[in-house]
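Every chain is numbered from 1, with letters handed out A, B, ... down the list of sequences. Note that this is a predicted model, so its numbers are computed, not measured.
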Number of protein chains: 2
Amino acid sequence: MVVSHPLARLLTDGVLPAQCPSRAVLDHVTSKWGVLVLVALSEGSLRWGELRRVVDGISEKMLAQTLRVLVADGFVARDARPTIPPRVDYALTERGRELTARLLPLMDWITANAEAIVSERARS
Amino acid sequence: MVVSHPLARLLTDGVLPAQCPSRAVLDHVTSKWGVLVLVALSEGSLRWGELRRVVDGISEKMLAQTLRVLVADGFVARDARPTIPPRVDYALTERGRELTARLLPLMDWITANAEAIVSERARS
DNA sequence: CAGTATCCATAGGGATACTG
DNA sequence: CAGTATCCCTATGGATACTG
């Protein structure tokens with residue numbers, strides 16, 4: 001059986017060997033806050049304070065940490081204006097848009113089905 | 001401006017309010033091992049021992065815990081045959097296949113781009 | 001084979017206070 | 001406004017040993 005799918009080798013090689021780069025990137029993208037920040041930025045750039053409010057429940061520490069990783073991975077661009085008071089905008093890069101294009105369908109499905117999943121879960 | 005996207009309300013309402021069910025399901029799906037187990041099962045059912053080998057680096061404890069959550073959420077079906085030695089198969093449910101259909105494009109993109117992302121990261 | 005039980009370490013992450 | 005710095009706690013998760 002020949003499978004053309006890029007992940008077809010998973011059954012023989014294992015799912016993303018622990019040391020390969022994909023694991024690191026995957027961990028960043030699927031980190032607790034990474035997904036939410038990416039989704040938040042998917043409709044346009046946001047300032048630090050806006051991100052804090054939009055991503056409900058995130059602490060300053062986690063926002064800073066998450067943004068640093070996403071910027072380092074090239075998903076998010078940081079635009080700091082040296083004004084007083086300071087103004088910093090965060091926006092998706094082209095790479096970030098490619099990523100969220102694949103992330104949003106997943107998020108849509110989850111939000112659409114979460115209620116059914118959770119209520120059904122309570123029954124069991 | 002009218003946005004038809006299901007997530008369009010994010011900017012006004014925040015990204016998935018902390019207490020909503022979506023957050024819980026999202027955490028399960030994007031948990032460190034959840035994604036990898038789902039991807040591993042995306043090409044067919046696997047036994048416990050096969051999963052352990054295929055999902056590189058997972059401990060027995062985490063495999064058990066991850067499977068319990070995925071089964072409870074209805075993404076994975078557990079089929080235990082009362083034979084000696086015991087044989088237990090895990091497979092995606094219909095809901096699980098709906099989910100992985102959205103997960104695989106994301107994983108493909110990540111595996112395809114991870115190397116570039118990580119090497120570029122080292123430069124900075 | 002397919003798990004459970006137990007112990008233990010560490011890092012994820014919250015709260016608060018402070019700064020350019 | 002946009003962050004650091006610090007303290008501190010608990011949940012995540014690894015290693016090992018055991019069981020039906």
Side-chain angles (χ1 to χ4, degrees), chain A residues 14-19 23-38 40-41 44-73 76-91, chain B residues 14-19 23-38 40-41 44-73 76-91:
Chain A
V15 177
L16 300 187
Q19 304 312 330
R23 278 284 186 98
V25 177
L26 180 66
D27 284 348
H28 300 164
V29 171
T30 66
S31 70
K32 174 164 186 174
W33 300 111
V35 196
L36 298 174
V37 168
L38 287 167
L41 292 175
S45 73
L46 290 173
R47 302 176 60 177
W48 164 275
E50 293 174 324
L51 273 172
R52 264 221 79 185
R53 267 170 277 119
V54 168
V55 182
D56 187 33
I58 196 169
S59 66
E60 298 191 339
K61 178 181 171 179
M62 282 304 105
L63 179 55
Q65 189 171 305
T66 302
L67 284 172
R68 252 179 274 134
V69 171
L70 294 178
V71 168
D73 280 352
V76 170
R78 180 177 188 275
D79 177 24
R81 313 281 176 82
T83 57
I84 294 179
R87 176 190 178 103
V88 182
D89 287 280
Y90 292 92
Chain B
V15 177
L16 300 189
Q19 303 313 329
R23 278 283 186 99
V25 177
L26 181 66
D27 284 348
H28 300 165
V29 172
T30 65
S31 70
K32 173 164 188 176
W33 300 110
V35 197
L36 298 174
V37 168
L38 287 168
L41 292 175
S45 73
L46 290 173
R47 302 176 62 178
W48 165 274
E50 293 174 325
L51 274 172
R52 265 221 80 185
R53 266 171 277 119
V54 168
V55 181
D56 187 32
I58 196 169
S59 67
E60 297 191 340
K61 178 181 172 180
M62 281 305 106
L63 178 55
Q65 189 171 304
T66 302
L67 283 172
R68 264 195 303 266
V69 171
L70 294 178
V71 168
D73 281 352
V76 170
R78 181 178 188 275
D79 176 23
R81 313 280 176 82
T83 57
I84 294 178
R87 176 190 176 103
V88 183
D89 287 279
Y90 293 91

[X] vs [N]: side-chain N/O to OP1/OP2 distance below 4.0 Å:
X       : N     : value
B/Arg47 : C/dA2 : yes
B/Arg78 : C/dG3 : yes
B/Arg68 : C/dT4 : yes

With the side chain of B/Val88 defined as its heavy atoms from C-beta on, choose the nearest nucleotide among C/dG13, D/dT4, C/dA2.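 Looking only at heavy atoms from C-beta outward on B/Val88, the closest nucleotide is C/dA2.
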
For the side chain of B/Trp48, starting at C-beta, report the closest nucleotide among C/dG3, C/dG14, D/dC1.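 Given the options C/dG3, C/dG14, D/dC1, the side chain of B/Trp48 is closest to C/dG3.
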
Where the side chain of A/Arg52 meets the backbone of A/Leu63, is there a donor-acceptor pair that is under 3.5 Å apart?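 No, A/Arg52 side chain to A/Leu63 backbone: no donor-acceptor pair under 3.5 Å.
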
Given 3.5 Å as the limit, does a donor-acceptor pair link the side chain of A/Asp56 with the main chain of B/Ala18, or not?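 Yes: the side chain of A/Asp56 pairs with the backbone of B/Ala18.
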
Rounded to whole Å, how long is the line connecting atom [atom1] of [X] with atom [atom2] of [N]?
X       : N      : atom1 : atom2 : value
A/Leu51 : D/dA2  : CG    : P     : 10 Å
B/Glu60 : C/dC1  : CD    : C1'   : 10 Å
B/Asp79 : C/dG3  : CG    : P     : 11 Å
B/Arg81 : C/dG3  : CZ    : P     : 13 Å
A/Leu46 : D/dA2  : CG    : C1'   : 15 Å
B/Leu63 : D/dG13 : CG    : P     : 13 Å
B/Gln65 : C/dT4  : CD    : P     : 11 Å
B/Arg52 : D/dG13 : CZ    : P     : 15 Å

Start at the 5' end of DNA chain C and walk down; is the nucleotide closest to A/Trp33 or to B/Arg53 reached first?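 The answer here is B/Arg53.
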
Secondary-structure stems, DNA chain C, at least 3 Watson-Crick or G-U base pairs under 3.5 Å: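 Detected stem regions: C:1-20 with D:1-20.
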
Looking only at non-hydrogen atoms, find the nearest pair between A/Val55 and A/Ala40 and report the distance.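 Taking A/Val55 first and A/Ala40 second, the nearest heavy atoms are CG2-CB, 4.1 Å.
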
Is the shortest heavy-atom distance from the side chain of [X] to the side chain of [Y] under 4.5 Å?
X       : Y       : value
B/Trp48 : B/Glu60 : yes
B/Leu67 : B/Leu51 : yes
B/Leu36 : B/Ile58 : no

Along DNA chain D (nearest heavy atom to each residue), the more 5'-positioned of B/Lys32 and A/Arg87: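 On the 5' side of the pair lies A/Arg87.
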
So which one's nearest nucleotide on DNA chain D is more toward 5', A/Pro86 or A/Lys61?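 In this pair, the answer is A/Pro86.
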
Residues which pass side chain to side chain donor-acceptor pair (under 3.5 Å) with B/Arg47, listed by chain and number, not counting sequence neighbours: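 Result, side chain to side chain donor-acceptor pair (under 3.5 Å) vs B/Arg47: none returned.
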
